[in-house]
Peer 1: 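Let me begin by handing over the structure; questions about it come next.
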Amino acid sequence: MTALELETLRNAAMTLSEKERAALAKDLVASLDGPEDEGVAEAWDREIRRRIQQIDSGEVELLDAKEVLSRARDRIRG
């Protein structure tokens, strides 16, 4: 594709609605990632269920964002 063709395509894409541009951008980014690995979604589902179970059982402590940032800063400072 020539630079002129690419510019023409880019200009045409910019005339799309925000929703259409978002869908196009999603498709373009996905095309860079290669084929989807079926096992990844299943592994994430298992991990999410595991973490929810830990929260529900009280095994883990939930922290608000301010506390997380405070602890991270403390660790960085030593």
Peer 1: Looking at T8 and L4, would you say the former's side chain and the latter's main chain have a donor-acceptor pair under 3.5 Å?
Peer 2: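 Such a contact is found between T8 side chain and L4 backbone.
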Peer 1: Take a 6.0 Å sphere around CD of E18 and say whether it holds more than 12 heavy atoms from other residues, nucleotides or ligands.
Peer 2: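 No, the 6.0 Å shell around CD holds no more than 12 heavy atoms from other groups.
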Peer 1: Taking all non-hydrogen atoms of both residues, which atom of E47 and which atom of R50 are closest, and how far apart?
Peer 2: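 Result for this residue pair: OE2-NH2, 2.5 Å.
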Peer 1: Give, for atom CE of M14 and atom CZ of R10, the distance between the pair rounded to the nearest 0.5 Å.
Peer 2: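 Interatomic distance, M14 CE to R10 CZ, rounded to 0.5 Å: 9.5 Å.
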Peer 1: For the atom pair NZ (K19) and CG (L24), what is the distance rounded to the nearest 0.5 Å?
Peer 2: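 Separation between the atoms: 14.5 Å.
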Peer 1: Just list the side-chain donor-acceptor pairs under 3.5 Å for residues 71-78, sequence neighbours left out, or say none.
Peer 2:
unit_1	atom_1	unit_2	atom_2	d
R71	NE	E67	OE2	2.8

Peer 1: Of all the heavy-atom pairs spanning L28 and S31, show the shortest one and how long it is.
Peer 2: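 Closest approach of L28 to S31, heavy atoms only: O-OG, 2.5 Å.
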Peer 1: Shortest non-hydrogen contact from R21 to L16?
Peer 2: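 Taking R21 first and L16 second, the nearest heavy atoms are NH1-O, 2.7 Å.
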Peer 1: For a quick check under 3.5 Å, do R49 and Q53 share a side-chain donor-acceptor pair by atom type?
Peer 2: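 Q53 and R49 do not have a side-chain donor-acceptor pair below 3.5 Å.
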